[in-house]
Amino acid sequence: MHWADKVAEELLSRGKKHRIATGITPSGHIHLGNLREMLTADVVRRAVEDRGGKAEMVYIADTFDPLRKRYPFLPEEYEKYVGMPLSEIPCPCGGHENYAEHFLEPFLESLEILGIDVEVKKADEMYRKGEYVQEIKTSLREKEKIKKILEEVTGKKCDESWSPFMPLCESCGRINSTRVVDFDDSGVYYVCECGHEGKASYRGGGKLGWRIDWPARWKILGITCEPMGKDHAAAGGSYDTGKLLAKEVFGIEPPYPIVYEWIHLKGVGAMKSSKGIVVPVREIVEVLPPEIVRYIIIRSKPERHIDFDPSSLLDLIDEFEEAYARGDRSVELSLVKSVRYCRVPFRHLVVVGQIAGWNPDRVVEILKRTGYEIDVEDIRRRLKYAEKWLSRFAPDRLKFEIRDVEELNVKFDEEELEFLRRFAEAMKEGMNASDLHNLVYEVANDVGIKPGKAFKAIYKAIVGKSYGPRAGYFMESLGVEWVKDRFLRVVEVNS
RNA sequence: GGGCUCGUAGCUCAGCCAGGCAGAGCAGCGGCCUUUUAAGCCGCUGGUCGCGGGUUCAAAUCCCGUCGAGCCCGCCA
C-alpha cells in the first residue's frame, strides 16, 4: 500500500473530516525541499478523499516572523531589517508589496501549476485580524504553566523576562528585541532594547513565540494532521512541546504528525534557504512537467531522504511513464487532475521536437503520421518541457539540428554517397521504422559496406554528425519523402 | 547531552507496522535482428538482507546490543 494511503487510513480511524496544515517561512527562496511539506499534505488529502473522507489543506505563511539575519543573498542594507517581521521589510526586487511576498508569490504560482489546492493564510494578517487574540490571552494568563512545560521538555531554563508573547516595537520595528513587563485586557506593555516603552495590541501588535504559536494555530484552525520537517520532530523539539501545550493549555488533541526528511541536491547536500543552496520551486516547475515534480517527491516515503539529481531526470521520466502504464499508485497521485496525459514518451518528444524545430503543429503531424494516439493539448504542453529539458539538462549527444545540406560541414566518400543514393532509391512510401531499419542492412550489403558505415552515412547526411537517434524510427519520423530528397540532395551537392 | 531516519543485487530502492520459499527497475551479459546508435520485447547473471545475540516450528521482518552513514534538537520556524 502506498504510504499516503496508510496515513489516510490512520486519519480516518480518528475521524472523517480533516484539516491538514502546512507552514513554510518565506524568508528566502522556497525550494524543492520545502515543497515536500506541501506535496506530502496534498497527497494525504487526496488519499483521504479517495477513501470517502473529507480533507482540506491550509498553508500558513509565517510572514510575521523576524528576519533572523542578513542572508548571503541579501544586499548589505538589509542588515538594518534584521529582527523586523518579514511582512514589514521592503521587497528585494521592489516589485512586491513586501519581503515575504517577494518569495511567496512565485511559490503560490507554482502550487497552482502543481495542482495543489490550498487555503493560504498569512501570519501577519491572521494576527492583525485578531484571529490569535484568545490564544494570546490564554498564553499570557498561563505563562507559568507554559514555561514549566517548555523547561521540562527541552531541559532548558527560560530566563526571567521570558514571555510567550513577542511584542512588535512601534519605534524600531523589531519583534525580537522587546520584553513584556505587564498586560491587561487592552494590550501588552513592553520595553524594547532600543529604549522605547510602549503598549502592544492583541491584534497585530506582536506574535506568539514559535513553540506556542504552533499549537495555538492548531486550535484556531482546527488542524488534525500536519507534515513537519524532522527538525520539529526531534526529542525536545517543537512538536514535543507543542503536543503538550495543545492538551494542557489549549485543550485540544495535537494533529497527527507526518515527519519528513530533507531533499538533497545530488553531490551538494541538503537544500537550505539560509545558505542559498536551493532549487527554487518556481524554477523547477518551469522546466519539468508538474506530474514529474510531484512524482519525485510522492514516490518516496516521507521518512526517506531524497537525492535530487538533475542529470538523471530522463531516467526518472522513463520510470514514471512505465509506472503510468502499470497503473502505479504514486503516478496516480502525481497526475494533476486538470492535466490531460497521453502516452507519447517524453524521450520521443525530445527527438520529434528537434526534427520539427519545436513547431507544435509539425510535431503533432509527425506523431499522427507515425501512428501515435495523441492528445494534442498534452503534446503541446509537454513539448515545451521537452524543449526546456533539452537545452538545460541534456547531454550534447542527445542534441541535433537539421541544417541545410550546404551547411552540413561533413565529407562523404564514394561508398557513402553510393549507399545514400541507392538507399534513397530503395525507399518506398509507407515503410515503417522497422522496414527502414532493415533496409539499411540490405542496401549496405548490396553496396558492400559494413552496416556501421551505412548508419554513419545516414546520420552525417541528416544531422552532420556520425551518430543520432535510432535510425529507423528517426527516418520514419522525418518522413520517407523528406529523407529520400535529402539523400539525393546530399549526393548531388557532394558529387 | 538527547533524539530521528537509513543500512537488502554494481546503482536506486520495494518488502518490515500485521514473521511463512529474498523482489523490482536500472546497469551488465545473451537473444529476437548480419546491429557499435538514443525504440521495443524475451531471457540470464547478480544478495553472508551492516554485524552479533535473543524469541519462534519459522526472522530481512519482532526484541536486545553493536557498527556504519546522514541528519535533527538544546527557546531558530
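No experiment lies behind these values; they were computed from the predicted model shown.
Between Arg304(A) and A14(B) there is a side-chain polar atom (N or O) within less than 4.0 angstrom of OP1 or OP2. Not one side-chain nitrogen or oxygen of Lys465(A) sits closer than 4.0 Å to the OP1 or OP2 atom of A38(B).
Residue contacts shown for Gly209(A) are absent, as no nucleic acid heavy atom lies under 4.0 Å away. Using a 4.0 Å heavy-atom distance criterion, Val351(A) is classed as a base contact. Residue Asn445(A) is in base contact, counting any heavy-atom pair closer than 4.0 Å across all strands shown. Using a 4.0 Å heavy-atom cutoff across all strands shown, Lys207(A) reaches no nucleic acid atom at all. Nucleic acid contact for Trp162(A): base, since at least one base atom lies under 4.0 Å from a heavy atom of the residue. At the heavy-atom level, His232(A) lies under 4.0 Å from base atoms of the strands shown. At the heavy-atom level, Asp231(A) lies under 4.0 Å from base atoms of the strands shown. Residue Tyr467(A) is out of contact with every strand shown, counting any heavy-atom pair closer than 4.0 Å.
Only the P atoms considered, C63(B) is 13 Å distant from C4(B), to the nearest whole Å. One P atom belongs to U8(B), the other to G65(B), and the distance between them is 22 Å to the nearest Å. Rounded to whole Å, the C1' atom of A18(B) lies 36 Å from the corresponding atom of G43(B). The same atom, C1', is picked in U5(B) and in C13(B); the two are 15 Å apart, to the nearest Å. For A22(B) and C16(B), the C1' atoms lie 13 Å apart once the distance is rounded to whole Å.
Side-chain polar atoms of Ser161(A) and Arg179(A) form no donor-acceptor pair below 3.5 angstrom. Defined by atom type and a distance below 3.5 Å, a donor-acceptor pair is missing between the side-chain atoms of Glu226(A) and Tyr239(A).
The side chain of Pro451(A) lies closest to U34(B), out of C72(B), U34(B), G15(B). Of the candidates C72(B), C73(B), A38(B), the closest approach to any side-chain atom of Leu398(A) belongs to A38(B). Distances were taken from every side-chain heavy atom of Phe455(A) (C-beta onward) to each of U37(B), A38(B), G70(B); the shortest belongs to U37(B). Proximity note for Glu303(A) (side chain, C-beta onward) versus U5(B), C71(B), A39(B): the nearest is U5(B). Comparing A38(B), C71(B), C73(B) by their nearest atom to the side chain of Trp262(A) picks out C71(B). The listed nucleotides are A38(B), C72(B), U35(B); the one nearest the side chain of Pro469(A) is A38(B). Closest to the Tyr441(A) side chain, of the nucleotides A39(B), U34(B), C72(B), is U34(B).
Taking atom CD1 on Ile355(A) and atom P on A39(B), their separation rounds to 15 Å, with Å as the unit. Atom-to-atom, CZ of Phe474(A) to C1' of A39(B) comes out at 13 Å; the value is rounded to the nearest Å. Counting to the nearest Å, the P atom of G3(B) and the CD atom of Glu261(A) are 18 Å from each other.
Heavy atoms from other residues, nucleotides or ligands lying under 6.0 Å from NZ of Lys145(A) number more than 12.
Between Phe107(A) and Tyr59(A), the ring-plane angle classifies as perpendicular under the 30° and 60° cut-offs. The aromatic rings of Trp218(A) and Trp214(A) are tilted relative to each other, their planes meeting at an angle between 30° and 60°. The aromatic rings of Phe400(A) and Phe474(A) sit perpendicular, their planes meeting at an angle over 60°, well past the 30° parallel limit.
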Starting at the 5' end of RNA chain B, what dot-bracket string do you get if Watson-Crick and G-U pairs under 3.5 Å are bracketed, crossing pairs use [ ], other-strand pairs use | and unpaired bases use dots?
((((((((.[[[[.)....(..]]]].(((((.......))))).....[[[[[..)....]]]]])))))))....
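Residues Lys230(A) and Glu303(A) have side chains not in contact (no heavy-atom distance under 4.5 Å, counting atoms from C-beta outward). Between Leu245(A) and Glu142(A), the closest side-chain pair of non-hydrogen atoms is not below 4.5 Å.
Considering only residues two or more places apart in sequence or on other chains, His348(A) meets the ring-ring contact (aromatic ring centres under 6.0 Å, His included) condition with Tyr372(A), Tyr473(A).
The base of U35(B) sits with one of its N or O atoms less than 3.5 Å from a complementary donor or acceptor on the side chain of His437(A).
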